[in-house]
Each structure stands twice: as structure tokens, then as C-alpha cells.
Number of protein chains: 2
Amino acid sequence: MIKNKKYSVRVRVWIDETNGPFLGIGRIWLLEHIAETGSITNAAKEMKMSYRQAWQLVEDMNKQAEAPLVEKLLGGKGGGGARLTEAGQRAIKTFYSLEKKINDFVSKESSKIKF
Amino acid sequence: MIKNKKYSVRVRVWIDETNGPFLGIGRIWLLEHIAETGSITNAAKEMKMSYRQAWQLVEDMNKQAEAPLVEKLLGGKGGGGARLTEAGQRAIKTFYSLEKKINDFVSKESSKIKF
DNA sequence: TTTTAATATGCTTTTAAAAACATACCGATG
DNA sequence: CATCGGTATGTTTTTAAAAGCATATTAAAA
């Protein structure tokens, strides 16, 4: 019996630093939400993740990066907040550009595959 | 302060069928261990996973494939066993070949990235 | 026709990751 | 100088995936 199913290839991309994962799509989304909302707290809420988790991801990214991706503002008018640094904005662009190149290649290869 | 860290790009590859993931490196390893050991039971032991889990992965793969990748032998001398079909052996080769092409491309792109 | 060891499958228990909670700290500004 | 709401961080609770356990089923071969 021939089933004649449809297959597709999917890849997940990470940029690693010596001490482990540095950037993946999840962290990039977090950066984007921080940029949009102006704080880790609100970014976490929108992403339905705990503040603690979001905060730790930011810490980790900042430590692994050559220069911090997120700048944290303590105290002040609204209690503080967070925003992307230049490096943070570049990280997003670099990641997506890399991911796109890879995905383009993959879909080309994917169409060649016969299962 | 310049940290001058080392970054590398890593990808994980999946082949999906309409109803979800079909083949990833974990399932490929399982197929290889079944081929080596002649049974799901022993493959699971070597991989330190539960028999139940291994068995379910095999079920799922067989259902998603156009033709089963693993042939199960019930009863008989040693109680039974399992072995790869032609399709199963081809699946391993196809997956690795695809994965290699993608990884080659990725490492080329990876060296271009400046962080 | 009994033995055998693996497949097949429901049910319970472990376990590790995430979420949730609590609480101290911060500093601009009214 | 009190308020405010976000950051920072330790502790507890939830939860979902995996492992573990129990047991029925299977058919070749001794």
C-alpha cells in the first residue's frame, strides 16, 4: 500500500559561545519583546513566561556577549525598565539574516529529497 | 572592555510529515541501535531510555513513513526482535546525507559571521 | 505442549524544568 | 523623603515528560 505522504525539512539554528548556547530563536523573541515593551517584566508577560526565567535568559545573554545586549535601568520614574543596546539590535539582525540564509538553502535541498 | 569570544553556529535538522516530526537525529540513533542489537529492548537499554518510549517512537516512525522502517518479529526462538526494513536503512542514509549538506553549508556561513 | 524472551500496552511513580511566590533593592521625581 | 513599579534573587510549588512497573500476547523451536 502506497501512502504518498508529504515531507518537509526543518532546522533550528543556534549561535553558541564557548560556555554554551548564546542565541536561539526563543532568546531573539525575548529581545524583540523587551524592545517593544521597554521592560523584562512586560516582555515576560506577553510571552507567557515567568519574569525570573526571562531575567535569567537576559543575564546569560549579556554574559556571553562581547558587550551586553540588554541594558537594565534600576529605579527611577516607572521603577526602571530595560532596553536593547546597539549590540542587542545588531544581534537580532545578524541572527535573522543567518537564519534566512540557512532556511533558503534548506528549502532548496529539501525539494530535492525523495522519500 | 573587549571580551573577544568565540562563536559557532549549530543547527538541528528534522524531517517532518504532515502529522508532526518524522525523523530527527534521536530517532536515527534509535534505528541504528535497533539494527545493531536486533531488538527494541536492547536498543533501549543501550540508549538508556525506557523500552516503552523506544517502542512508541518506532510506532510513530512506522506510521508516518510511506512504508515501515522497522519490522517487528513476534514470538519465536528468542521471543522475537526487530530489524530495519529497506526503507529503514534508506532513511538513515538519506537523513545523514541531508544533515551533512546542511552542516557543510552552515559551517561555511558560520565563518563569515562577525559578532 | 512447554519454554522462551521480546513485543504490546495500561497504570503508577520519578524527576527535572518551569512557574509561582515572596521580598529586598533601586533611584528618578512629585 | 515617600511613592512607584521594575529589577534582583532565594525558596516553594506545579506540571508535563520520561521512566518504571506489571502483565498479557506472540510463535518458533526444543
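Since the model is a prediction, treat every value here as computed from it, not as a measurement.
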Against the side chain of A:Met49, the closest entry in D:dG6, C:dA19, C:dT7 is C:dA19
Check: B:Glu17 side chain, B:Ala65 main-chain N or O, donor-acceptor pair, under 3.5 Å
no
As a test of reading the structure: which of D:dT26, C:dC26, D:dA29 is closest to the side chain of B:Lys77, going by heavy atoms?
D:dA29
Hey, is the side chain of B:Trp55 poking within less than 4.0 Å of OP1 or OP2 on C:dT7, counting only N and O atoms?
no
Closest listed nucleotide, where the reference is the side chain of B:Ala82 and the choices are C:dT7, D:dT7, C:dA19:
C:dT7
Student check: side-chain heavy atoms of A:Arg27 and A:Leu69 closer than 4.5 Å:
no
Within the 4.0 Å heavy-atom criterion, would you say A:Ser39 contacts the bases, only the backbone, or no part of the nucleic acid?
sugar-phosphate
A:Arg52 side chain: which of D:dG10, C:dT9, D:dT7 is closest?
D:dG10
Pair A:Asp60, A:Gln64: side-chain N/O donor-acceptor within cut-off below 3.5 Å:
yes
When we call it a touch if two heavy atoms are under 4.0 Å apart, what does A:Lys45 touch: a base, just sugar-phosphate, or nothing?
nothing
Look at the aromatic rings of A:Phe105 and B:Phe105 and report parallel, tilted or perpendicular, splitting at 30° and 60°.
parallel
Testing C:dT7, D:dA8, C:dA19 for proximity to the side chain of A:Gln53, the answer is C:dA19
Side chain of B:Asn42: nearest nucleotide among D:dT9, C:dA19, C:dA6?
C:dA6
Whichever of A:Gly79 and B:Ile40 has the more 5' nearest nucleotide on DNA chain C, that residue is B:Ile40
Touch class at under 4.0 angstrom, heavy-atom based, for B:Gly75 against every strand present
base
Contact nearer the 5' end of DNA chain D, comparing A:Gly76 with A:Tyr51
A:Gly76
